[in-house]
Amino acid sequence: MAQVPNLDNAPINLKSLRDQSQKELITILKNIRGKKCLVIDPKLGGSLSLIVQSSLLKEHGAELRHLNAEPVQTDCTKVVYLVRAQLDLMKFICSHIHHDISKGIQREYFVYFVPRRAVVCEKILEEEKIHHLLTIGEYPLYLIPLDEDVLSFELDVAYKEHLVDGDTTSLWHIAKAIHKLEFSFGLIPNVRAKGKASVRVADILNRMQSEEPVNTSETGVPEINTIILLDREVDMITPMCSQLTYEGLLDEFLGINNGAVELDSSIMGVQQEGKKIKVPLNSSDKLFKEIRDQNFEVVVQVLRQKATSMKQDYTEMQTTNQTVSELKDFVKKLNSLPEMTRHINLGQHLTTFTSKPSFLARLDMEQTLVEAESYDICFEYIEEMIHKQEPLINVLRLLILFSITNSGLPKKNFDYLRRELLHSYGFEHIATLNNLEKSGLLKKQETKSNWITIKRALRLVVEDTDTANPNDISYVFSGYAPLSIRLVQHAIRSGWRPIEEILKLLPGPHSDIKRGGFSSSPSLDSLNGSLHNSDKVVDGRRSLVLVVFIGGVTSAEISALRFLSAQEGMAYDIIVATTKIVNGSTLTETFVEKLG
């Protein structure tokens, strides 16, 4: 099954976006005649695999290598570096070229920055006296379709950069990507933002529109009706909770990278000693599309039912005479056997994690924290985790959840846990703790927590959640409705105004901007018109809402948005764009920094 996701069912033409990116890369290769060695920044390698098959690059005369400290071993006289604008990568390139010069190897060098060149990087190349040997260009890859309704800016550390380092480069990048989308699909008339970074992106977007306008008369009625920008900082509670959807759990325990999980072949029933295999996970896999957003409890039952029904069909085949059309139906079912085997194996493997007492105890603790019930029990639980030296990331995840729901820890407890953490995990982690404090994820309590008010007002804890036949987004965490998605729900239904008072209790400002001359385009604010058929695009497709998460989004939140979009009376299709798909651990890891 191809790694490049199938985008045929996307609500807007994402395929044209991907084709454009593919064409731009091929053009770069075509312009460098003859054989060349394409040296790819490893982080970019995964992203490129979602855009172009490596065989296509080879067809255009490219030998493929990953960039690292080792000099490039190749017979090609042309070396093309495809890299993000990062200082450590520049050092690799410099050392490669110095190595070639010292060995008397003559080559032509090309450096293509993704998505654009940076002055600081070029300065390093000048200081190392190799700038004049390079041909420098840009490959403007701003947005990658991960699936038919998910786009990624592939900015792993945007959240930490913005909150801790005060670096806002990523915000320009996000605005640029959205503005590029508008050239394809029309100027987006409604822009709602919540959070410092989001409001800033909305401003940059407006500035870009005035400097380089999308011609509204050419693009006609915009395909995207509304964009909702949301800072991860507004809701750090959701990612710190364990996701309970099938895709969410796969990411929590096995780590989904660029739309695939990599695991031992033995887990997938392939007997090859010590060999790893990649299992693609996107909507090209029909069964995965059906079960990815369901609560894992339900997935286990669905897989069991499917297996039982296939077994019955097989028994009937052997005992009765079948007509040709019945045989045809049975063969059709057999075609889905590889998908079923794949997910039964994955499901079985996940159960080894979800049935552990430690996981269930953790879920219990998360629930206690979210319900803001007993402070002492939570404090003791975290203290015990530190003394048992459980993985640092697991401790920090719960600690962040504890700090946010309590609006910080009382000074005495804060100092005590900080000291215990450093004693237990080593003083080099003082930098990590400083990063968490700087970003406000871990702090001393100065004011009374307003979490209980927010939780009640937005109905975030839902009793008796039916995970099998859900009627609310809370099914994705078995009883907790993600705060971020509740906000999106309100923003789509009736704009920010009705929840203004609650928004003020959450981090960062909010804004609501109308743009362009689309008074005829129904705004989401006119509630009467907003959820009815009047809001359909001319050719019978539903209007589109683009929800952008700055700082990352979890699979469970995407599942909750898909659930919303599928509800009766919902007049919108929803597309998600994010700096990166994250889970609590990968998000926490971006703050980890060891001294020395």
Side-chain angles (χ1 to χ4, degrees), residues 2-4 18 21-118 120-122 124-125 128-142 144 152 154-157 255 257-260 262 274-278 280:
Q3 185 75 30
V4 176
R18 185 172 66 194
S21 298
Q22 198 173 4
K23 204 169 108 191
E24 285 166 350
L25 184 56
I26 298 301
T27 306
I28 289 174
L29 293 179
K30 275 185 179 167
N31 289 341
I32 300 167
R33 294 180 180 281
K35 278 192 68 176
K36 52 242 154 205
C37 181
L38 182 61
V39 185
I40 302 172
D41 161 0
K43 270 274 169 63
L44 276 177
S47 313
L48 289 178
S49 70
L50 297 166
I51 285 178
V52 59
Q53 303 269 14
S54 55
S55 55
L56 190 61
L57 300 176
K58 288 173 186 164
E59 272 172 39
H60 287 88
E63 255 183 35
L64 303 182
R65 299 279 187 278
H66 269 152
L67 176 62
N68 56 32
E70 296 300 309
V72 179
Q73 302 292 335
T74 176
D75 299 334
C76 299
T77 54
K78 294 174 181 176
V79 178
V80 186
Y81 291 98
L82 192 62
V83 290
R84 292 163 303 148
Q86 290 199 339
L87 304 184
D88 53 337
L89 302 177
M90 295 307 107
K91 289 176 182 150
F92 287 160
I93 294 174
C94 294
S95 83
H96 288 186
I97 296 176
H98 286 315
H99 169 270
D100 287 357
I101 293 169
S102 71
K103 294 273 188 251
I105 302 169
Q106 288 196 327
R107 286 180 177 150
E108 275 183 76
Y109 302 99
F110 302 81
V111 174
Y112 280 88
F113 287 107
V114 184
R116 62 174 191 152
R117 58 209 288 175
V120 283
C121 289
E122 295 198 44
I124 287 186
L125 301 173
E128 291 283 335
K129 308 206 173 14
I130 60 164
H131 193 279
H132 64 286
L133 299 173
L134 302 168
T135 306
I136 290 180
E138 293 179 340
Y139 172 40
L141 181 66
Y142 285 94
I144 292 168
S152 174
E154 290 298 294
L155 298 165
D156 322 21
V157 289
N257 271 315
N258 305 306
E262 193 173 331
K275 196 172 184 312
K276 295 250 185 221
I277 52 175
K278 265 193 178 161

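All of these numbers come straight from a predicted model, not from anything done at the bench. Atom set for the values below is all heavy atoms of this structure, side chains included, hydrogens, waters and symmetry mates excluded.
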Query raised in the report: Say you draw a straight line from CZ of Arg33 to CD of Glu108; how long is it, rounded to the nearest 0.5 Å?
Result: 12.0 Å
Query raised in the report: When you look at CG of Asn31, are more than 12 heavy atoms from neighbouring residues, nucleotides or ligands closer to it than 6.0 Å?
Result: yes
Query raised in the report: When you measure from the side chain of Lys78 to the backbone N and O of Cys76, does any donor-acceptor pair fall under 3.5 Å?
Result: no
Query raised in the report: Of all heavy-atom pairs between Val111 and Leu134, which one has the smallest distance, and what is that distance?
Result: CG2-CD2, 3.9 Å
Query - Heavy-atom side-chain contact between Met90 and Val83 under 4.5 Å - result: yes
Report task. Would you check if the side chain of Tyr139 reaches a backbone N or O of Ser21 as a donor-acceptor pair within less than 3.5 Å? Result -> yes
Requested in this report: Answer yes or no: is there a donor N or O on one side and an acceptor on the other, between the side chain of Lys35 and the main chain of Glu63, under 3.5 Å?
Outcome: no
Report task. With side-chain contact (heavy atoms from CB on, under 4.5 Å) as the test, would you mind laying out the steps for Thr74 and Arg107 before giving the verdict? Result -> CA-CA 11 Å; Thr74 176; Arg107 286 180 177 150; 3.6 Å; yes
Report task. Please round to the nearest 0.5 Å and tell me the distance separating atom CD1 of Ile51 and atom CG of Leu25. Result -> 8.0 Å
Report task. Any chance you could measure Gln86, atom CD, to Ile124, atom CD1, to the nearest 0.5 Å? Result -> 11.0 Å
Report task. Report the residues that fulfil salt bridge (charged side-chain N to carboxylate O under 4.0 Å, His left out) with Glu122, sequence neighbours left out, ordered by chain and then residue number. Result -> Arg117
Requested in this report: Report the distance from atom NE2 of His99 to atom OG of Ser95, rounding to the nearest 0.5 Å.
Outcome: 9.0 Å
**Report entry** Result of checking Ile28, Leu48, Leu64 against Leu38 for side chain to side chain contact (heavy atoms under 4.5 Å, CB included)
**Finding:** Leu64
Requested in this report: Output the distance between atom NE2 (His60) and atom OG1 (Thr27), rounded to the nearest 0.5 Å.
Outcome: 8.5 Å
Query raised in the report: Mind checking whether Asn258 and Glu154 have side chains closer than 4.5 Å, heavy atoms only?
Result: yes
Query - Distance-only polar pair, side chains of His96 and Tyr109, donor-acceptor under 3.5 Å - result: no
Report task. Taking the side chain as every heavy atom from C-beta outward, state whether Cys37 and Val80 have any atom pair closer than 4.5 Å. Result -> no
Query raised in the report: Do Leu89 and Arg84 have side chains that get closer than 4.5 Å, going by heavy atoms?
Result: yes
**Report entry** Check: Arg116 side chain, Ala85 main-chain N or O, donor-acceptor pair, under 3.5 Å
**Finding:** no
Report summary line: So CD of Glu128 and CD1 of Ile97: to nearest 0.5 Å the spacing works out to 10.0 Å
Report task. State, yes or no, whether a side-chain contact exists between His131 and Ile136 at a heavy-atom distance under 4.5 Å. Result -> yes
Report task. Could you tell me which residues satisfy side chain to side chain donor-acceptor pair (under 3.5 Å) with Lys129, sequence neighbours excluded, listed by chain and number? Result -> none
